[in-house]
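First the structure, in the form of structure tokens, and then the observations on it.
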Amino acid sequence: MNTVLDWLDSPAPERGIHYHRNGDWHLRTYAGIAEAARSTAAFLHANGVTRGVVSLLIEEPETFVPAFLGVMYAGATPSPIASPVTFGGHEAFTEHAAAVLGAAEPAAVLTDAALAPLAATACAKAGTGTPLVLPDPAELPAAGSLARRTADLALLQFTSGSSGTPKGVRVTGENLTANVRAIHGWLGVNSEDSCSSWLPLYHDMGLIGTFLGSVVAQIDLWLMSPVDFIRSPARWLDCHGRHGVTITTAPNFGYGYATSRVREEELAGTDFSAWRVAMSGAERVDARVVADFAAKLAPYGFDSRALAPCYGMAETTLAVTGVRPGTGARIVRTAGPLATGAPVTVTDTGVLGVDRPEDPARWIAGCGTPVPETAVDVVDEDGAPLPDGTFGEIRVRGTSVADGYQSPDPAASEPFGEDGLRTGDAGFLYDGELYVVGRIGDSLKVRGRKVHAEDVEAALVSLPGVPPGRCAVALGTRDARSGAVVVVEAPGEAWLEAVTGVLRSALDTTVDVTVVRARRGTIPRTSSGKPRRRLLWRQAAEGTLAGDVLHSTHPTHRPAPPKAPQPTATHLDGAAT
């Protein structure tokens with residue numbers, strides 16, 4: 001069977017990764033990357049690491065890439081850990097990293113000099129010994145005749161953690177190879193393509209969708225860090241408008257951020273006509289955000305048919321469904337309640353990037369059809385398949401579905417059943433295309449209808465004064481009563497009346513509502529930037545959520561006094577990556 005490392009034996013000449021460093025791009029050829037990977041493997045072997053899990057705590061992409069590939073070349077299983085910049089402070093990060101290490105049970109922890117102190121603290125908390133610190137590239141041992149080895153477990157990738165305890169997804173070599181092959185088939189990747197990415201490499205979308213997808217195809221990859229993107233989203237667009245890059249992927253947030261921050265003068269002289277694939281995943285697609293993005297770039301040659309919403313998760317290695325590039329993505333407007341087992345009423349349709357709905361909360365973008373070697377259906381609460389156009393839980397089957405979780409909890413792998421993976425996501429199939437509504441655990445039944453936190457958030461961020469990425473909604477039940485906690489990271493109170501109006505419309509008087517104004521960085525987030533809604537709900541219930549209560553119909557939801565602000569200069573504005 002072919003593997004994702006076969007290219008290492010004969011790297012494509014003059015192709016490689018363009019790293020963004022010191023305000024400019026620097027090409028490292030695939031031949032150079034392959035040699036660095038072999039040297040990293042030799043370093044691991046010299047330190048007695050020849051098998052097992054190797055947890056990676058490396059932030060810089062130029063260091064991470066050969067380290068990740070070197071672990072695989074050595075015959076071990078890489079397991080990336082989220083960057084410290086996604087956390088509110090070093091203590092929060094080391095607690096998270098220690099929890100991940102506890103679940104991973106690594107044979108070694110590999111880090112670089114910059115993060116060695118934090119890695120040592122996390123290892124001490126987890127009781128996993130002393131981390132291995134990569135030396136300078138010039139000091140790595142020569143690979144010599146070191147042969148490539150293949151581990152049964154290709155990757156241990158940790159889920160975002162939105163439900164609490166980290167769980168490692170066990171991705172086999174067959175899973176990984178099949179999913180990369182499926183992505184290439186879905187997108188029609190060819191030797192003329194190139195790819196850009198600013199997504200973090202510790203997360204499945206950036207790790208597999210752009211990094212491994214590019215190196216296996218041996219196409220050029222233009223790679224930025226998330227911090228680089230936040231500082232200058234024009235650099236990302238320049239990859240496509242000035243360098244002719246053809247493929248990228250980003251969460252909805254990324255397209256909106258680029259629209260609002262890139263100035264017209266920065267677009268002068270650009271040509272986006274070669275940009276044929278603009279995937280959107282990891283979070284719900286807001287049709288208004290995408291329409292604004294397409295409208296801004298249309299005068300410079302951008303074709304909205306490049307837009308390709310997609311759906312995936314770590315448990316399926318990555319990709320599950322996607323809109324085929326060049327066909328145009330559909331959006332639909334739903335009416336009435338969404339109840340498991342009930343038909344979905346579609347009242348209108350439109351085209352993503354062309355139509356700009358005024359009420360985005362009721363519009364859902366299609367996520368396309370299954371990628372090769374994957375099947376998707378929608379099931380009821382008992383797991384029975386539901387017909388097209390019926391609301392329920394999304395289930396996935398196929399070669400890319402991982403080999404369960406690695407977790408101390410023996411019940412963790414329950415979603416992985418003989419009939420397929422029950423994803424915990426709610427949605428429906430419409431004319432054979434998947435529409436994803438939100439997490440089942442992030443919803444409430446209100447007088448027989450199901451209300452999803454993502455729907456409420458979509459309505460709230462359309463209000464003046466409520467910035468995208470600065471609002472989170474948690475739904476739950478306490479003392480036999482349904483409740484909603486809304487946190488808005490924005491100053492003042494001018495937005496409060498509009499927010500409470502939306503909540504009254506979305507919910508009703510049977511639901512207790514608490515609205516909190518908080519500092520930036522208060523909303524707890526996963527490593528991919530998604531709100532940790534269950535943790536947010538628990539913090540509100542326990543009185544440990546920092547902020548000011550501006551509105552509450554539940555007197556026991558009393559957030560704690562604000563804490564001293566933590567460093568958040570590099571926070572990703574809520575980007576899900």
Side-chain angles (χ1 to χ4, degrees), residues 1 3-4 51-56 68 71-72 75-82 96 99-107 126 128 150-183 202-205 207-209 212 282 311-321 370-371 373-379 381-383 393-426 439-441 526-528 530 534:
M1 182 186 73
T3 75
V4 296
R51 61 175 61 86
V53 172
V54 176
S55 295
L56 292 169
F68 179 90
V71 171
M72 297 184 82
T77 302
S79 180
I81 297 178
H96 168 81
V100 169
L101 293 174
E105 299 180 339
T128 55
T150 303
D152 292 334
L153 188 65
L155 173 65
L156 184 65
Q157 62 176 342
F158 278 81
T159 62
S160 299
S162 55
S163 60
T165 304
K167 299 187 292 290
V169 179
R170 296 175 53 83
V171 178
T172 67
E174 183 182 19
N175 296 150
L176 189 57
T177 301
N179 204 248
V180 171
R181 182 172 59 235
I183 292 170
Y202 55 77
H203 190 257
D204 52 7
M205 195 169 163
L207 178 67
I208 298 167
L212 283 179
Y311 169 68
M313 62 191 67
E315 288 83 353
T316 59
T317 307
L318 178 60
V320 173
T321 68
V371 300
E373 301 183 43
T374 301
V376 175
D377 59 3
V378 174
V379 300
E381 294 175 355
D382 296 322
E393 182 180 3
I394 299 166
R395 184 173 64 183
V396 181
R397 301 185 303 280
T399 318
S400 296
V401 175
D403 187 36
Y405 290 121
Q406 181 160 317
S407 170
D409 181 2
S413 288
E414 286 181 358
F416 295 86
E418 293 183 0
D419 295 330
L421 172 72
R422 296 190 64 161
T423 64
D425 288 325
R439 292 291 298 169
I440 290 176
T526 68
S527 62
S528 62
K530 299 174 185 176
R534 297 182 189 182

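- Looking at T177, its side chain does come within 3.5 Å of a backbone N or O of G173 through a donor-acceptor pair.
- Across all their heavy atoms, G420 and R397 have their closest contact at CA-CG, 3.6 Å.
- The backbone N or O of I394 lies less than 3.5 Å from no partner atom in the side chain of D377, so there is not a single donor-acceptor pair.
- Exactly one of L212, V401, L318, V4 qualifies for a side-chain contact (heavy atoms from CB on, under 4.5 Å) with N179. That residue is L318.
- A distance-only check finds no donor-acceptor pair linking the side chain of T77 to the backbone of L156 [under 3.5 Å].
- Between the CD atom of E174 and the CD atom of E373 there is a distance of 8.0 Å, given to the nearest 0.5 Å.
- Within the model, atoms OG1 of T399 and CG of N175 stand 8.0 Å from one another, a figure rounded to the nearest 0.5 Å.
- The nearest pair of heavy atoms linking S79 to F158 is OG-CE1, 3.4 Å.
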> Checking side-chain contact (heavy atoms from CB on, under 4.5 Å) for the pair V169/Y405: CA distance, chi angles, key distance, verdict?
Replying inline: CA-CA 5 Å; V169 179; Y405 290 121; 3.7 Å; yes
> Are T3 and M72 close enough, and set up right, to give a side-chain contact (heavy atoms from CB on, under 4.5 Å), and what steps lead you there?
Replying inline: CA-CA 11 Å; T3 75; M72 297 184 82; over 6 Å; no
>> Determine whether I208 and I183 satisfy the following criterion, side-chain contact (heavy atoms from CB on, under 4.5 Å), listing intermediate values before the conclusion.
In response: CA-CA 9 Å; I208 298 167; I183 292 170; 4.3 Å; yes
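- Between the side chain of R395 and the backbone N or O of G383 there is at least one donor-acceptor pair closer than 3.5 Å.
- Judged by distance alone, with hydrogens and angles left aside, the side-chain atoms of E393 form no donor-acceptor pair with the main-chain N or O of V379 at under 3.5 Å.
- Taking the side chain as every heavy atom from C-beta outward, L421 and P415 approach each other to under 4.5 Å.
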>> With side-chain contact (heavy atoms from CB on, under 4.5 Å) as the criterion, how do Y311 and V376 come out once you've worked through the C-alpha distance, each side chain's angles and the decisive distance to 0.1 Å?
In response: CA-CA 11 Å; Y311 169 68; V376 175; over 6 Å; no
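- Proximity of a side-chain donor or acceptor of Q406 to a complementary backbone N or O of A104 within less than 3.5 Å is detected.
- Taking OG of S407 as the reference point, atom CZ of R170 lies at 12.0 Å (rounded to 0.5 Å).
- The OH atom of Y202 sits 14.0 Å away from the CG atom of L56 when rounded to the nearest 0.5 Å.
- Among all heavy-atom pairs drawn from A76 and A151, the shortest one is O-CB, 3.9 Å.
- Counting all heavy atoms, side chain and backbone alike, T172 lies closest to L153 at N-CD1, 4.3 Å.
- Atom-to-atom distance recorded for E315:CD and R422:CZ is 14.5 Å, nearest 0.5 angstrom.
- Nearest heavy atom pair, residue P78 against residue L155, reads O-CD1, 3.3 Å.
- With hydrogens and angles disregarded, a donor-acceptor distance shorter than 3.5 Å links the side chain of Q157 to the backbone of T317.
- Judged by distance alone, the side chain of S55 and the main-chain N or O of L101 form no donor-acceptor pair under 3.5 Å.
- Looking at every heavy atom in both residues, V371 comes nearest to A319 through CG2-O, 3.8 Å.
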